[in-house]
Amino acid sequence: MQADEVWGRRWTENKLPMARTYMEVASRKKSLVCLAADRSTMAELNQLIDDVGAHLAALKTHVDLVDDWTPEAWNAFCTKAAAADLLIFEDRKFADIGGISRKQMAGIYDIRTWADLVTAHLISGPDIVDGLQAGWKDVGRSGGVLLLAQMSSRGNLLEPKYTSQVVELGRTHPGVFGFIGNGSRPNELKLLRKAVGDGKLIWTPGVNLAVGDGEMGQRYGDPHEAVLAGSDCIIVGSGIHKADDPAVQAEAYAKASWSALHERNK
Ligand code: S5P
């Protein structure tokens, strides 16, 4: 099935090239799953691609938590991810002013050269999006910024008024790929989708086939419900990488997300 048929208005309303790229990858892989690859060695990260890469559309990394990081090993990992048809999403949660964020896309990790997507808080104002996009432009690449509109963790300070302001600024900004919403609360997610409209994507962490409370204040909701409520990608971490059989679990998340997307379109 072609991406435009599967994604409907999300496809026609979204003009950012990286958003279209994601929708194409997800359609090819029949999966709306982004694995939160929270692993601290290169060997474990590479193993995840081997074990579950076939069931994912994207890999979410935290490059600064890898103990044995080297530029060569990271390059090889990115090449492996591309061969498995995976987008790379560096969850850096940038928050500084535009000019500094642009420089932070370079530096030792040189995120601009390998990340397709990055996260940012809008706390410093909208110039952060221009700064990050300038970072990609500096190396002749383009990417997408996901703004944190909500968070899944207990006691977070992203209150409804703040969420509305992030959505208001982000929904018309051409460099914004979409928003991070909270996958653990479908009702709140529905409201977020209403405010965002069809022009931007919503990706949701806080999703697990076993709903309830996770470690250290994390909360979980059901993947199928999250997609029905308006999520375009479920970000799953421990639900896959801590499972006894990660491949079986990854496939279950892929199927739940893909069937929910079809159900949503009916
Ligand atoms: O609100 C948020 C935003 C993010 S990006 N809550 C989150 O948990 N995340 C990320 O999603 C977090 O950094 C982690 O990598 C992942 C969730 O992992 P899990 O093991 O709880 O599924």
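Everything numeric here is computed off the predicted structure, so don't read it as measured data. Indexing begins at 1, ligand by ligand and atom by atom, following the structure's order.
Heavy-atom proximity to M151, at under 4.0 Å, picks out these atoms of ligand 1: 1 (O), 2 (C), 3 (C). For ligand 1 and A36, the ligand atoms under 4.0 Å from any heavy atom of the residue are 15 (O), 16 (C). Close approach of ligand 1 to K93 is summarised as follows: ligand atoms under 4.0 Å from at least one heavy atom of the residue are 4 (C), 5 (S), 13 (O). Shown in contact with Y220 at under 4.0 Å from a heavy atom are these atoms of ligand 1, numbered in order with element: 19 (P), 20 (O), 21 (O), 22 (O). Atoms of ligand 1 lying under 4.0 Å from any heavy atom of D38, numbered from 1 in the order shown and given with element: 14 (C), 15 (O).
In this structure, W114 has its ring center no closer than 6.0 Å to that of F77. Ring-centre distance between W203 and F177: below the 6.0 Å cut-off.
D232 and R193 are joined by a salt bridge, as a carboxylate oxygen and a charged side-chain nitrogen come within less than 4.0 angstrom of each other. Checked for salt-bridge contact, D130 and R102 miss the test: no charged N lies under 4.0 Å from a carboxylate O. K255 has a carboxylate O that lies under 4.0 Å from a charged side-chain N of E251, or vice versa, which qualifies the two as a salt bridge.
At the shortest separation from atom 17 (C) of ligand 1 among protein heavy atoms lies Q218 NE2, 3.6 Å. The closest protein non-hydrogen atom to atom 5 (S) of ligand 1 is D91 OD2, 3.0 Å. Looking only at protein heavy atoms, the nearest one to atom 10 (C) of ligand 1 is K60 NZ, 3.6 Å. In terms of protein heavy atoms, atom 13 (O) of ligand 1 is closest to H62 NE2, 3.2 Å.
Counting non-hydrogen atoms of neighbouring residues, nucleotides and ligands closer than 6.0 angstrom, the CD atom of E168 reaches no more than 12 such neighbours.
If you look at K242 next to ligand 1, there are no close heavy atoms at all, none under 4.0 Å. Contacts between S152 and ligand 1 below 4.0 angstrom, taking non-hydrogen atoms only, involve backbone and side chain alike. Under 4.0 Å from ligand 1, heavy atoms of S238 appear from its side chain as well as its backbone.
Residue contacts with ligand 1: H241 is placed with no nitrogen or oxygen under 3.5 Å of a nitrogen or oxygen of the ligand (distance criterion only).
Among G206, S184, P205, the residue whose heavy atom lies closest to atom 9 (N) of ligand 1 is P205. Here atom 22 (O) of ligand 1 lies nearest to G237 when heavy atoms of G237, A149, A37 are compared.
For S238 and Y220, the side-chain atoms include at least one donor-acceptor pair closer than 3.5 Å. When only modelled atom types and interatomic distance are considered, T119 and D91 share a side-chain donor-acceptor pair under 3.5 Å.
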L35 and L86: CA distance, side-chain angles, deciding distance, side chain to side chain contact (heavy atoms under 4.5 Å, CB included) verdict:
CA-CA 10 Å; L35 174 69; L86 293 168; over 6 Å; no
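Minimum interatomic distance between H62 and K93 (heavy atoms only, all atoms of both residues): CE1-NZ, 4.1 Å.
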